[in-house]
K.L.:
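Provided herewith is a single structure, encoded as structure tokens, for subsequent inquiry.
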There are 4 protein chains.
Amino acid sequence: MKKKDVPSLVKDQRLIKKRRGQIIKAAVLLFNEKGYHKATTREVAKASGFSIGTLYEYIGSKEDILYLVCDAVYDEVMGKWEKLRDGNLEGLDRLYQVIEAYFRVIHSLQDEVLVLYQESKSLSDDALAYVLEKEMSMKAMFEKELKEARNSGIISLHDEEISLACHNILVAGHMWTFRRWAVQRDHDIDSYCKWQIAQLFRGFGLNKNINGTFQLLENKPETEETI
Amino acid sequence: MKKKDVPSLVKDQRLIKKRRGQIIKAAVLLFNEKGYHKATTREVAKASGFSIGTLYEYIGSKEDILYLVCDAVYDEVMGKWEKLRDGNLEGLDRLYQVIEAYFRVIHSLQDEVLVLYQESKSLSDDALAYVLEKEMSMKAMFEKELKEARNSGIISLHDEEISLACHNILVAGHMWTFRRWAVQRDHDIDSYCKWQIAQLFRGFGLNKNINGTFQLLENKPETEETI
Amino acid sequence: MKKKDVPSLVKDQRLIKKRRGQIIKAAVLLFNEKGYHKATTREVAKASGFSIGTLYEYIGSKEDILYLVCDAVYDEVMGKWEKLRDGNLEGLDRLYQVIEAYFRVIHSLQDEVLVLYQESKSLSDDALAYVLEKEMSMKAMFEKELKEARNSGIISLHDEEISLACHNILVAGHMWTFRRWAVQRDHDIDSYCKWQIAQLFRGFGLNKNINGTFQLLENKPETEETI
Amino acid sequence: MKKKDVPSLVKDQRLIKKRRGQIIKAAVLLFNEKGYHKATTREVAKASGFSIGTLYEYIGSKEDILYLVCDAVYDEVMGKWEKLRDGNLEGLDRLYQVIEAYFRVIHSLQDEVLVLYQESKSLSDDALAYVLEKEMSMKAMFEKELKEARNSGIISLHDEEISLACHNILVAGHMWTFRRWAVQRDHDIDSYCKWQIAQLFRGFGLNKNINGTFQLLENKPETEETI
DNA sequence: GATGAATGAGGTTTCATTCAT
DNA sequence: AATGAATGAAACCTCATTCAT
């Protein structure tokens, strides 16, 4: 599915990019604070730093703002995630690191992801389809990783389990934002990564040591750090 | 925290209960279809079977409708869950059954739970606090179960892990509704219960046999059914 | 073609009729004064005697107002015209009287007809088609009269000429409104009727005497009254 | 009344003329298609081949565009009409030819005349007055012709009748455009000229022969061609 | 207790016009 | 002379809420 076309009356592509960046930034803050429906276009314009007329030079409708936000957030998540992933790792280390990187990216983009998560349902059918497709492509990336791990003999899961596990990973990421009122009261992001990943891979004989790198458990007796 | 007071101009408590039941039922359908913000009070009144004037005899504001829905959904979930739980079970069987019962209740109240999940953020601060408190009380119930299981030596998890695991269980329930566009494409509720519970307890030497009841794994070699 | 359905949120049909009557009356005045496009819905509401919200209880969109006006004006013209026509007349007298009655009805509904004439082009395609159809049905009425007159041997015109003559009659009626800035400076409605009808039937040996009834010209030498 | 002054920021008169020509041409097309009010200045600028900024270098306001169009259309009609009129003709031939030429000019400038006719009411009072004055000057030309014909004994009409007849001639021209949805379905311009002129002069013993030139009827018995 | 017509604040969007480049 | 991004007043329309019946 192709990116939905958001109409603009302005020709200069560089300017469009800049102004839309302002819009997205302002919208994330506003949508977080009051939600998409209660935030007005006038407020978005003002928070973006220009007039309502100028706002509509760069979008076609209010929904376009939400679409721009959702699209941008996915791109940002994907971009940051790619940068954070260590392509040199293999096997278990790689698996852990991929997931942890994902959690940490979400942590760094909390507001953005929360909007994506809570408001995307207000998109029109086709825009929503596009966004869900992006979500599924993220899921596919995790599936690829898990299947490679299975091929390497590190984990043993059915396809169905892998699929579900990937949903769980993705949602565990989202949870960090949409349940922050509870989860972030008890955990910081380090702790959250540690325990969630532990939960995901319990039973596969894996462990993460204290200084944050992951290691195989070598049949040590259970200690505080062991899961 | 006490239940928020929803004002009514009508005296007859029995009538209030009846009419609010109609309102909640209609609102769940409508909020599912178009969301809380896009559904109008007129539509709610019509779907409830009476006039807009009558609607306002039983509520004070539109938000009250959402509050009534959220409150009722929790009560319904709790009620059904209690009925479904087998108080006689002990140990592992009990643990499994509590969780599975929870998933099945959510399955049977999909629309309701979805509304609760997607729209409760639109509640006012105090109403939201009340709803979140209910959510925490559900979490507490799971925590109690898990701690008992730990005391019985069935599982070994830190308090922190138990807390997180309970979040995961609750969210796994919600997921069944808010990710149904993907999850319910690949799973029916039986399969979902099986694999999600498996995922939660992998590594504790538990298993679920083919006919749907859970059992301890007795050192059998791993088979297809083994997790 | 059926009457276009104008949506109303109000149920009481009598009230709808009453309120729409108010709307039409107010709209005719306003549209005359500033034209359809420059008149605002708020102004229409105010001139109708109620709030903007109430206005929209009785219409679905601004265009509906214009449609209501056009539809009502045609009905009013037709209704008044029928009442004014003398069904007992035959032959020439009938022909003259039908046309004169038409002119006089338009005179009594000047503002209404002017709006119909100047603004109907702003209707949507299907509403416009409906209105033009009404116009054609009026033309058909004149054609019927002229053909009967031809059958009686009073006038001798080809079908093509009759068709065009009917257009001319209709437009001569409209002219009285849309060229009033010039025509009504030089004529009152009596004089206008007299000369326009004379113009239409010159050459058929007809005349209208001074006191307003029509008569056959009996080969008299031309006098001031003769055409 | 003097031509209204349309302000321009540009000095070069030749350029002004050229650019305004572009504007008028574009505006006629647009105003025909969507009407003056629904056409935007941006659209006019684009259709004219330059930017909105440049448009405003040559006009002071949107209304000026309409004024330029109306003014230009009159000039064009007058210019073409003069060229088409045969100054050598006398008497009846002259009378017929003047009217037919007028109809044919309007036919060749249909879109332009239609805009003039349908939108001029949106002009400001003074601009409208100027335009109506032009209309009256056209009427005066017809009056001059008819009076000369009366002096020559070709027709016998009172001053009042002549005035009205001239209105009718002018409106018969406009009709060809504003009732084209009906009239042009049944007639081509040749047929329209023939029958409308016939209608105007019925009873004066005039005729138009088959090959399109007009002639006096020489007491022949009425035939199909006779009116 | 039920009704539904009335209200008007406030939402989204448009577009004529300006002015710095 | 030409450009086009920026502006904001003002348009249309919605809908939660009230209150007379």
Side-chain angles (χ1 to χ4, degrees), chain A residues 8-12 15-16 18-19 37-45 49-65, chain B residues 8-12 15-16 19 37-46 49-65, chain C residues 8-12 15-16 19 37-46 49-65, chain D residues 8-12 15-16 19 37-46 49-65:
Chain A
S8 171
L9 296 174
V10 172
K11 296 178 175 177
D12 183 345
L15 193 54
I16 291 179
K18 181 183 164 196
R19 291 278 180 265
H37 282 104
K38 287 197 181 157
T40 69
T41 51
R42 274 190 155 85
E43 286 171 322
V44 174
F50 31 72
S51 70
I52 182 66
T54 301
L55 177 66
Y56 276 88
E57 296 271 306
Y58 295 94
I59 58 163
S61 72
K62 188 184 180 189
E63 204 214 287
D64 285 343
I65 302 172
Chain B
S8 171
L9 298 174
V10 175
K11 303 281 166 82
D12 183 345
L15 194 53
I16 292 179
R19 292 274 182 266
H37 282 102
K38 287 196 181 159
T40 68
T41 52
R42 260 172 159 129
E43 286 171 322
V44 174
K46 192 173 184 183
F50 32 73
S51 70
I52 182 67
T54 302
L55 177 67
Y56 274 86
E57 299 271 311
Y58 296 94
I59 57 161
S61 72
K62 188 186 180 188
E63 204 213 288
D64 285 343
I65 302 172
Chain C
S8 171
L9 296 175
V10 172
K11 295 177 178 178
D12 183 346
L15 194 54
I16 291 179
R19 291 278 181 264
H37 281 102
K38 286 197 182 158
T40 70
T41 52
R42 274 192 153 84
E43 286 171 323
V44 175
K46 194 171 185 182
F50 31 72
S51 70
I52 181 69
T54 301
L55 177 67
Y56 276 90
E57 296 271 304
Y58 296 94
I59 57 162
S61 71
K62 188 185 179 187
E63 204 214 287
D64 285 342
I65 303 172
Chain D
S8 171
L9 299 173
V10 174
K11 302 282 165 84
D12 183 346
L15 193 53
I16 291 180
R19 292 277 182 263
H37 283 102
K38 288 197 181 159
T40 68
T41 51
R42 261 174 158 127
E43 286 171 321
V44 174
K46 192 174 184 183
F50 34 72
S51 70
I52 181 68
T54 301
L55 178 67
Y56 274 86
E57 299 271 312
Y58 295 95
I59 57 162
S61 73
K62 189 186 180 188
E63 204 213 287
D64 286 343
I65 302 172

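Bear in mind the structure is a predicted one, so any value in this text is a computation, not a measurement. Throughout, protein chains are lettered first and strands after them, A, B, ... in sequence-line order, and every chain is numbered starting at 1.
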K.L.:
I need the CD1-P distance between I16(D) and dA2(F), as an integer number of Å.
P.N.:
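To the nearest whole Å, that distance equals 10 Å.
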K.L.:
Once rounded to the nearest 0.5 Å, what's the spacing between atom CD1 of I65(C) and atom CD of E63(C)?
P.N.:
10.5 Å
K.L.:
Can a side chain N or O of R19(D) be found less than 4.0 Å away from OP1 or OP2 on dA2(F)?
P.N.:
yes
K.L.:
As a check on the pairing definition, encode DNA chain F in dot-bracket form, counting Watson-Crick and G-U wobble pairs whose two distances are under 3.5 Å, and using | for partners outside this strand.
P.N.:
.||||||||||||||||||||
K.L.:
List the protein contact pattern of nucleotides 11-21 of chain E with one symbol per nucleotide (5' to 3'): B for base contact, S for sugar-phosphate-only contact, - for none; contact means a heavy-atom distance under 4.0 Å.
P.N.:
SBBBSBBB---
K.L.:
Check salt bridge (charged side-chain N to carboxylate O under 4.0 Å, His left out) between E57(D) and all other residues, then give those that pass, not counting sequence neighbours.
P.N.:
none
K.L.:
Name all residues meeting the side-chain contact (heavy atoms from CB on, under 4.5 Å) criterion together with K46(D); count only those two or more places apart in sequence or in a different chain, and write none if there are none.
P.N.:
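For K46(D) there are no side-chain contact (heavy atoms from CB on, under 4.5 Å) partners, ignoring immediate neighbours.
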K.L.:
How long is the line joining CG of D64(C) and C1' of dC13(F), in whole Å?
P.N.:
12 Å
K.L.:
Find the distance Y58(D):OH to dA1(F):C1' and express it as a whole number of Å.
P.N.:
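It is 6 Å, rounded to the nearest whole Å.
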K.L.:
By side chain to side chain donor-acceptor pair (under 3.5 Å), which residues pair with E43(C), not counting sequence neighbours?
P.N.:
K34(C), T40(C)
K.L.:
Can you name the residues that form a salt bridge (charged side-chain N to carboxylate O under 4.0 Å, His left out) with R42(A), not counting sequence neighbours?
P.N.:
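Salt bridge (charged side-chain N to carboxylate O under 4.0 Å, His left out) check on R42(A) returns nothing, list empty.
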K.L.:
To the nearest Å, give me how far apart CD (E43(B)) and C1' (dA16(F)) are.
P.N.:
13 Å
K.L.:
Who pairs with T41(D) by side chain to side chain donor-acceptor pair (under 3.5 Å), at least two apart in sequence or on another chain?
P.N.:
none
K.L.:
Applying side chain to side chain donor-acceptor pair (under 3.5 Å), can you list everything that pairs with S61(D), at least two apart in sequence or on another chain?
P.N.:
none
K.L.:
Which nucleotide sits closest to the side chain of S51(D): dG4(F), dA5(F), dA1(F)?
P.N.:
dG4(F)
K.L.:
Go through the structure and list residues passing side chain to side chain donor-acceptor pair (under 3.5 Å) with T54(D), not counting sequence neighbours.
P.N.:
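Counting only residues at least two positions away or on another chain, T54(D) forms a side chain to side chain donor-acceptor pair (under 3.5 Å) with S51(D).
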